[in-house]
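Single-structure report; data block below.
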Amino acid sequence: MPVVTVSRELGSLGTRIAEAAGARLGAPCVDKEVLAEMARQAGVPVNEIVESEEKLLSRPMVVSEEMRAFFSRRGESGVLTAENYVERMSAAIRALAEQGNTVFVGRGAQLILPGAPGVLHVHIFASPEIRAKRIQERRGLGDEQAALQIVRQADERRRTWFRRFFTGANWKDPRYYDLMINTGRVPAQTAVELIVTAALSEPE
C-alpha cells in the first residue's frame with residue numbers, strides 16, 4: 001500500500017500526472033482532504049479550517065517587527081495560527097499516511113514524511129519557458145510574457161511558503177526527493193510509469 005508525495009511546479013503537468021499515477025495505484029489523490037482531516041482532529045467544521053487557512057495565508061509572508069506587534073495585539077482569528085499551522089497540517093498528513101495507499105499533492109508532505117518507510121517523494125518540474133507555454137495555451141493568453149510572469153510568481157509564492165513554514169527550506173532541494181522528473185523532456189505518460197514502478201518497488 002504505497003504512499004507517494006508529489007511536489008510540482010505550476011505548468012509542469014504535476015497534478016495531472018499525480019492523478020494518473022494515483023488511478024494506476026488505486027490510491028486517492030489528497031490535497032484539500034488534508035484540511036478535512038485537520039478539521040476532524042480539531043473537532044471543528046471543515047469550513048472553519050478553510051477560512052482560517054485563507055486568512056493566515058493572506059497575511060504578508062515577510063513582516064516587520066511592527067507588523068508582528070500589530071498581529072499580536074489584534075490576536076489570532078480562526079483555528080489556525082502561524083505557530084500551529086504546520087503542526088496541525090503535519091498531524092493530519094501523518095494520520096492519512098498511516099492509512100496507506102495515498103498520493104499527497106503538495107502541502108509540503110515531502111518535508112513532513114521524510115524517510116518514512118514505504119513513502120516515495122516525487123518532484124515534477126520543467127523549465128519556466130516550457131511551463132509558460134503550457135499556461136499560455138491552457139488559459140488562452142495572447143502574451144507569452146504574461147504567462148511567464150504567472151509562472152515566476154507561482155514559483156515565488158511556493159518558495160516563500162516553504163521558507164516561512166518550514167524554517168527556510170528550499171522546496172527544490174533534490175535531497176527531499178527520491179525521484180525528480182523533468183516534463184520538458186519526459187512525456188507525462190512516461191512520468192506516470194516511473195512513479196508507479198518506483199512506488200511499487202521494494203528498496204534493496
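What you see is a predicted model; the values in this text were computed from it and never measured.
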Mind checking what makes side chain to side chain contact (heavy atoms under 4.5 Å, CB included) contact with D178, not counting sequence neighbours?
-> L120, H121

Over 60° means perpendicular and under 30° means parallel, so classify the ring planes of W161 and F166, tilted if in between.
-> tilted

Test log, rule side-chain contact (heavy atoms from CB on, under 4.5 Å), inputs Y177 and V122 = CA-CA 6 Å; Y177 305 105; V122 180; 5.8 Å; no

Could I get the full list of ring pair (Phe, Tyr, Trp, His ring centres under 6.0 Å) partners for Y176, not counting sequence neighbours?
-> none

Of all residues at least two apart in sequence or in a different chain, which pass the side chain to side chain contact (heavy atoms under 4.5 Å, CB included) check with A188?
-> L13, I17

If you look only at pairs with a residue in residues 138-154, which of them pass as a salt bridge (charged side-chain N to carboxylate O under 4.0 Å, His left out), with sequence neighbours excluded?
-> none

For the side chain of R134 and the backbone of G11, is there at least one donor-acceptor N/O pair under 3.5 Å apart?
-> yes

Kindly write out the residues that satisfy side-chain hydrogen bond (donor to acceptor under 3.5 Å, both in side chains) with E137, not counting sequence neighbours, or none if the list is empty.
-> none

Partners of R175 by salt bridge (charged side-chain N to carboxylate O under 4.0 Å, His left out), sequence neighbours excluded?
-> D173

How about T160 and E156: does a side-chain donor come under 3.5 Å of a side-chain acceptor?
-> yes

Taken in chain and number order and not counting sequence neighbours, the residues that satisfy salt bridge (charged side-chain N to carboxylate O under 4.0 Å, His left out) with R16 are none

Residues that E193 engages under salt bridge (charged side-chain N to carboxylate O under 4.0 Å, His left out), provided they are two or more places apart | R24

Steps toward side-chain contact (heavy atoms from CB on, under 4.5 Å) verdict (I195, V103) | CA-CA 11 Å; I195 293 170; V103 177; over 6 Å; no

By side chain to side chain contact (heavy atoms under 4.5 Å, CB included), A91 pairs with (sequence neighbours left out) Q41

Sorted by chain and residue number, the side chain to side chain contact (heavy atoms under 4.5 Å, CB included) partners of A154 (sequence neighbours excluded) come out as L10, R157

Could I get the full list of salt bridge (charged side-chain N to carboxylate O under 4.0 Å, His left out) partners for R107, not counting sequence neighbours?
-> D31, E53

With sequence neighbours left out, which residue pairs that include part of residues 111-132 fulfil the salt bridge (charged side-chain N to carboxylate O under 4.0 Å, His left out) condition?
-> E9-R131, R131-D155

